[in-house]
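Accompanying notes for the structure given below.
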Amino acid sequence: MFSKLAFILCALFCAVVSQPSPEELEPLLVGLDNAPQPEIERRVPLSTNDPTVAPLVDLQVFAPPVTPRNGKSCTVTLLKHTFGDGSYNAPAVVDYIPPTDESCGEVGKWAAISMNLSVYSIGTQYDRLGAIYLSHSEIWRTSSAEPTKTGTIWTTIKDVTHFSPLFSKPGDLMIVFSNIIAPDLLLDGVFDVVLSATFYPPTKLFPSANTADSIIPLSNRDPALPNFFTIQDDVGAVTNVTLPSSAVEAYVEVFCSGNSAEEFWYLNTPDEFVQDFPDSTGLVGKGPFREVQVLIDETLAGVVWPYAVIYTGGITPSNWRPLTSYGAYDQPTYWVDITPFIPILVDTKKQHTITLRVVGQGTTAPTFNSNWFVSGSIHVRTGKTQTTGKITSYRAPALKISTTGGSSAGNTTIWTKVVAHRELAIESELFTSEGKKIVTFSQSLDYTNTAQYADEGWVQWGQQSTVGTTIANHQGKQVLRDAFNYPLSVFSNYSQYEQEFGGYGSEINQTHTRALQPPFGVYRAIQSVQHARGEIGMDNWPGLRHAINGTGATDQTFAYVDGRGESYFRDVAAKNDGWVRDRVWGTLRDANPPVPKEQIFGPGGGPGFRRDLFSG
Ligand SMILES: *[C@@H]1O[C@H](CO)[C@@H](O)[C@H](O)[C@H]1NC(C)=O
Ligand SMILES: *[C@@H]1O[C@H](CO)[C@@H](O)[C@H](O)[C@H]1NC(C)=O
Ligand SMILES: *[C@@H]1O[C@H](CO)[C@@H](O)[C@H](O)[C@H]1NC(C)=O
Ligand SMILES: *[C@@H]1O[C@H](CO)[C@@H](O)[C@H](O)[C@H]1NC(C)=O
Ligand SMILES: *[C@@H]1O[C@H](CO)[C@@H](O)[C@H](O)[C@H]1NC(C)=O
Ligand SMILES: *[C@@H]1O[C@H](CO)[C@@H](O)[C@H](O)[C@H]1NC(C)=O
């Protein structure tokens with residue numbers, strides 16, 4: 001009966017066509033099909049226990065920022081810092097001053113700004129979460145590699161052009177990389193961070209970027225502690241906000257990630273079925289569905305259905321060294337157009353609020369586990385006169401969500417299914433210094449998560465699909481479109497986890513397909529397809545268990561095309577701590593080339609991870 005209900009709900013709500021459109025996918029697929037012939041690649045030994053070799057190059061695949069080709073530029077080192085003992089919840093904070101050198105160009109008139117986050121670590125460490133803020137607005141959410149005994153280096157370049165209003169003024173630059181050094185837990189890897197920014201003045205062919213006029217942080221603005229909100233209740237994080245009275249456009253950019261019992265939110269078990277498993281299996285409840293909401297004066301203004309970022313220690317750490325899951329070092333962000341609410345937010349007669357809230361599907365409050373790190377910023381473009389107007393149509397029906405499940409004879413396998421759908425459509429009439437504008441913001445989102453469990457929950461298969469489209473139009477002009485499809489499939493086997501010299505393993509398929517016209521910046525389409533599998537062997541140490549050996553293999557194809565005609569394609573694979581192959585092509589190849597040839601081990605991959613038994 002339940003599955004029939006699920007079918008009826010799906011028939012009603014699953015009629016969304018595959019997102020993005022076939023026309024948007026075509027250039028990505030054509031580009032990938034036209035790879036250059038592979039070169040013969042030399043390899044040199046590079047072992048995790050070999051002290052004589054160069055550090056392992058570890059990376060998350062990304063499309064490099066698009067910058068002027070033949071113009072000037074200047075690179076400024078913003079910060080060098082070592083995150084070691086005592087760095088937990090102790091960010092590095094430095095003064096930021098806009099660059100004055102002539103080669104940097106006129107402040108605020110840049111064509112592009114990119115940032116380079118380069119980190120070196122040697123030793124043993126968990127994956128740690130990092131974030132960068134400029135004047136208390138988050139500009140980058142990142143995390144760390146699992147280092148090796150011979151050193152690991154990872155470098156990520158991010159386009160931060162749309163934060164130009166922040167870079168134009170002096171401010172505080174904060175970087176959080178909460179690390180823990182604990183010799184008794186064998187955790188000794190510190191993070192040596194170098195953060196730089198490159199400023200590109202405009203050229204004839206590449207004009208100054210079109211950005212917001214001001215950026216308002218949605219963060220706790222603490223001068224010394226991490227600025228993201230730590231959200232662990234159903235209320236969320238509330239910020240008092242007044243927009244400039246002449247605001248003509250306003251967008252919220254959201255950063256969010258699940259942490260601790262929410263790190264694997266997409267594999268959490270619905271409360272209705274948690275009691276079917278023994279406590280010892282340690283399954284986490286509150287179900288796998290999560291929505292991050294943006295509310296204005298407690299009215300829903302838009303939602304984010306996040307892509308599941310898997311960190312480098314996630315599910316099976318050996319899957320992600322040296323090739324991480326997409327988003328590990330530069331997490332995706334999400335846009336909500338709050339322009340329809342401008343008439344409310346410019347009204348100074350009353351205090352207005354913007355709330356960032358996380359909603360899960362727990363049957364008791366809070367609806368999700370502890371905790372989520374969420375922050376954001378409002379990007380405002382202003383005109384010349386007071387903006388007035390009103391919301392003319394508001395439709396935000398309640399989230400449709402159903403949870404079903406059942407078991408096979410004797411409870412040997414248990415299955416669950418969560419299906420969710422969200423529609424939202426808001427229209428306003430604005431009177432601005434640019435004239436009358438009809439502005440609309442709409443979202444249509446679909447979610448399905450199925451899970452099967454065996455061996456009392458030690459073995460789990462989880463498949464999740466998140467697809468949707470977010471669109472904003474201002475007087476007939478499309479100012480935002482975000483069409484995405486994030487399929488994820490995880491098989492994890494912890495059957496032998498509790499045994500002496502036991503272990504665990506997993507196989508993961510994850511795709512990130514997204515066609516994004518951001519409010520400020522150029523259209524871009526991305527498709528990342530990853531397949532990873534690996535196993536970890538463990539010791540006999542009582543208490544906290546340690547990995548003593550591991551194997552892992554990950555391959556990825558990545559395709560990027562954008563509205564400037566630029567492209568970036570990569571076909572890359574790693575196995576057992578070594579690079580198997582790395583081919584890069586497309587117009588942006590030279591800005592983010594393949595790993596050096598000395599790092600390529602060849603088809604068999606590296607030696608894998610192996611550690612002497614801990615005697616303590
Ligand atoms: C990024 O910064 C690191 C550390 O300063 C540097 O070695 C590397 O060359 C830079 N990469 C790019 C592409 O600028
Ligand atoms: C927000 O405004 C209300 C009403 O003016 C005030 O009571 C509250 O303290 C403010 N909150 C913050 C975080 O400033
Ligand atoms: C299966 O689990 C359910 C829920 O815990 C329980 O009510 C039922 O008795 C179990 N069935 C068998 C055959 O163990
Ligand atoms: C991942 O994809 C491969 C290739 O399609 C398939 O053989 C494998 O079963 C999939 N694994 C999971 C866990 O989805
Ligand atoms: C889980 O792993 C164990 C140990 O390797 C193996 O015996 C078992 O068949 C695996 N289970 C599944 C469902 O693959
Ligand atoms: C990992 O170590 C265990 C215990 O010594 C051993 O049984 C297992 O075969 C090893 N696995 C690999 C992949 O080397």
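Whatever order the structure lists ligands and atoms in, that order sets their numbers, starting from 1.
Shown here is Q386, whose CD atom has more than 12 heavy atoms of other residues, nucleotides or ligands within 6.0 Å. The environment of R514 atom CZ is dense: over 12 non-hydrogen atoms of other residues, nucleotides or ligands sit within 6.0 angstrom.
Of the listed residues (N240, N220, T353, V241), the one carrying the non-hydrogen atom nearest atom 14 (O) of ligand 2 is N240. Of the candidates Q496, Q499, E507, the one placing a heavy atom closest to atom 5 (O) of ligand 5 is Q496. With V490, N509, I508 as candidates, the residue nearest to atom 3 (C) of ligand 4 on a non-hydrogen basis is N509.
There is a protein heavy atom less than 4.0 angstrom from atom 11 (N) of ligand 5. Taking a distance limit of 4.0 Å, we find that atom 7 (O) of ligand 5 is approached by no protein heavy atom.
Put simply, the side chain of E24 gets close to the backbone of S21: a donor and an acceptor are under 3.5 Å apart. Side-chain N or O atoms of T281 include one that pairs as donor or acceptor with a backbone N or O of E456 at under 3.5 Å.
Contact atoms of ligand 5 toward N493: 1 (C), 2 (O), 3 (C), 8 (C), 10 (C), 11 (N), 12 (C), 14 (O) (distance under 4.0 Å to a heavy atom of the residue). Atoms of ligand 4 lying under 4.0 Å from any heavy atom of S489, numbered from 1 in the order shown and given with element: 12 (C), 13 (C), 14 (O).
Counting protein heavy atoms only, atom 4 (C) of ligand 2 is closest to Q351 CG, 4.1 Å.
The pair K350-D297 meets the salt-bridge criterion, since a charged nitrogen lies less than 4.0 angstrom from a carboxylate oxygen.
Residues T413 and Q452 bring no donor and acceptor atom of their side chains to less than 3.5 Å of each other. If you check the side chains of T324 and Q60, you find no donor sitting under 3.5 Å from an acceptor.
The proximity of F491 to ligand 5, defined as any non-hydrogen pair under 4.0 Å, is limited to the side chain.
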